[in-house]
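Heavy-atom basis, side chains included; hydrogens, waters and symmetry copies ignored. No experiment lies behind these values; they were computed from the predicted model shown. So that the names make sense, note that chain A is the first sequence line, chain B the second, and so on, each numbered from 1.
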Protein chains: 2
Amino acid sequence: MTQVKPMRADARRNYERLLKVAAEAFAEHGERASLDDIAKRAGVGSGTLYRHFPTRQALLEAAYVDRIEALAVRAGELAAELPPGEALVEWLNELCVGTIQVRGMKALLGSAVTDGSVAAVTACATSMKGAATRLVEAAQEAGALRRDVEPIDVLRLAHGVATASELANGQGESIRRYVALLTEGLRA
Amino acid sequence: MTQVKPMRADARRNYERLLKVAAEAFAEHGERASLDDIAKRAGVGSGTLYRHFPTRQALLEAAYVDRIEALAVRAGELAAELPPGEALVEWLNELCVGTIQVRGMKALLGSAVTDGSVAAVTACATSMKGAATRLVEAAQEAGALRRDVEPIDVLRLAHGVATASELANGQGESIRRYVALLTEGLRA
DNA sequence: CGATAAGCGGGGACTGTCTCCGTTTAGTGC
DNA sequence: GCACTAAACGGAGACAGTCCCCGCTTATCG
């Protein structure tokens with residue numbers, strides 16, 4: 001997983017600058033921020049950007065891995081603090097909020113749970129699925145969640161709920177209301 | 001609503017050809033089909049396309065109004081055939097299926113229920129909201145639907161569910177399962 | 001049949017993606 | 001220090017898409 005050969009100093013510098021600039025750009029302009037523009041703002045040529053990150057997906061993922069990891073960690077914390085059913089509900093809430101608040105993350109999380117996409121097996125997809133699986137299984141064991149749903153279903157539905165709240169443009173606390181509706185439907 | 005002055009014959013011909021070609025193109029390539037390409041395939045210049053349909057939205061809407069109207073009509077039929085609660089559930093099913101099966105329609109329906117968009121007041125948005133309002137109110141009166149949801153919420157959630165099923169790429173009858181989960185959560 | 005305004009259409013400016021390849025430079029052994 | 005080499009750079013340019021502008025064409029009407 002880690003670098004076999006250490007990167008050259010200039011390469012590493014550019015890589016890091018790109019990541020920083022990309023996170024800003026995606027936050028500012030959403031997932032469709034101009035890549036050449038990101039390269040320009042990072043003070044590198046577009047060739048350099050595309051060498052480090054062959055696809056928009058790759059850059060998006062690299063820019064947000066830490067946030068994804070944080071969500072996965074959060075799943076563990078909630079599992080330790082709350083009863084299984086509540087832990088799942090609370091995590092879904094935080095997941096949806098994150099999906100919407102951090103512009104650009106929605107596209108990333110969406111592709112992470114898309115079936116049939118080649119890019120399906122990525123680091124963040126694995127993290128998310130792992131976290132969801134633990135919470136879902138615990139909730140099912142505790143009898144707080146119907147047994148006919150898979151972790152991936154829960155992730156997809158969360159993505160759907162985030163999409164729905166997005167349509168409401170944050171009107172009337174829609175995220176919490178919609179998540180509540182979802183968890184109502186998921187209850188055993 | 002109707003044309004104040006009748007269109008010139010050539011204008012009407014082009015308008016109609018564009019509509020036909022656009023429906024095909026959107027069905028084939030999704031909502032992002034190239035507009036210049038549609039113009040070319042219809043045998044007109046791009047200027048002509050943009051004059052008739054100033055935005056992609058406008059073309060999308062014009063190409064699919066009939067399908068939207070059909071859905072609205074279907075709402076009426078279901079309301080007459082089934083008890084209020086079931087009518088709503090069945091309609092949501094058909095709505096979601098349509099949203100996914102007809103490529104390009106998702107974008108249109110999505111923007112129809114987006115809050116804060118300038119394009120919000122369009123013919124298809126009005127139809128959808130009307131149909132949803134009737135079904136939702138009837139279901140609430142019959143005690144089959146929670147009273148704390150608005151018709152627009154239902155439409156948005158349906159859109160979310162369609163998005164979720166789309167992520168599953170039609171695997172395992174996901175549409176019906178997800179709609180069932182949604183309606184479970186919506187029950188009074 | 002002409003006049004005329006409605007309508008046409010494609011050239012071109014612009015923005016974005018992504019590749020290719022000549023040039024630069026970090027790292028290494030001496 | 002110095003020279004060598006492979007790694008890395010960067011930006012020009014091919015390509016695709018959007019959208020506007022404006023000189024030309026043509027349907028329609030008196």
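- Summarising the geometry, the separation between NZ on Lys40(B) and P on dG10(C) is reported as 9 Å, rounded to the nearest angstrom.
- Taking the six-membered ring for Trp and thresholds of 30 and 60 degrees, Tyr64(A) and Phe26(A) have ring planes inclined between 30 and 60 degrees apart.
- Atom CE of Met128(B) sits about 4.5 Å away from atom CG of Leu71(B), to the nearest 0.5 Å.
- For dC9(D), the OP1/OP2 oxygens have a side-chain nitrogen or oxygen of His52(A) closer than 4.0 Å.
- As rounded to whole Å, 14 Å separates atom C1' of dC14(C) from atom CG of Asp36(A).
- Following rounding to the nearest Å, Leu35(A) (CG) and dG11(D) (C1') show an atom-to-atom distance of 16 Å.
- Distance Arg32(A) CZ to dT15(C) P: 17 Å, rounded to the nearest Å.
- Among the heavy atoms of the strands lying under 4.0 Å from Asp10(A) are primed sugar atoms or P, OP1, OP2 only; no base atom is included.
- In this structure, Tyr50(B) places its OH atom 5 Å from P of dC19(D), rounding to the nearest Å.
- Contact annotation for Asn14(B): backbone-only contact, meaning every heavy-atom pair under 4.0 Å involves sugar-phosphate atoms and none involves a base.
- Contact of Arg8(A) with dA8(D) (side chain to base): no donor-acceptor pair of N or O atoms is detected under 3.5 Å.
- Expressed to the nearest 0.5 Å, how far CG of Leu109(A) lies from CD1 of Ile68(A) amounts to 4.0 Å.
- Taking a cutoff of 4.0 Å between a charged side-chain nitrogen and a carboxylate oxygen, Arg177(A) and Asp148(B) do not qualify as a salt bridge.
- Taking side-chain N and O atoms only, Thr48(B) has a distance below 4.0 Å to OP1 or OP2 of dG9(C).
- The CD-P distance, from Glu31(A) to dG16(C), rounds to 15 Å in whole Å.
- Distances shown here put a side-chain N or O of Arg56(A) below 4.0 Å from the OP1 or OP2 atom of dT17(C).
- When distances run from any side-chain atom of Ala11(A) to the nucleotides dC8(C), dC9(D), dT18(D), the shortest one goes to dC9(D).
- Rounding to whole angstrom units, CZ of residue Phe53(A) and P of dG10(D) are separated by 14 Å.
- Along DNA chain C, the nucleotide closest to Arg13(A) and the one closest to Ala33(A) are compared, and the more 5′ of them pairs with Ala33(A).
- Per the geometry, CG belonging to Leu49(A) stands 10 Å off P belonging to dC18(C), to the nearest Å.
- Within the model, atoms CD of Glu31(B) and CE of Met105(B) stand 13.0 Å from one another, a figure rounded to the nearest 0.5 Å.
- Residue contacts shown for Ser34(B) are limited to sugar-phosphate atoms, with no base heavy atom under 4.0 Å away.
- Counting any heavy atom pair closer than 4.0 Å across all strands shown, Arg51(A) reaches a base atom.
- Both Thr55(B) and Tyr15(A) lie close to DNA chain D; mapped to their nearest nucleotides by heavy-atom distance, the more 5′-ward contact belongs to Tyr15(A).
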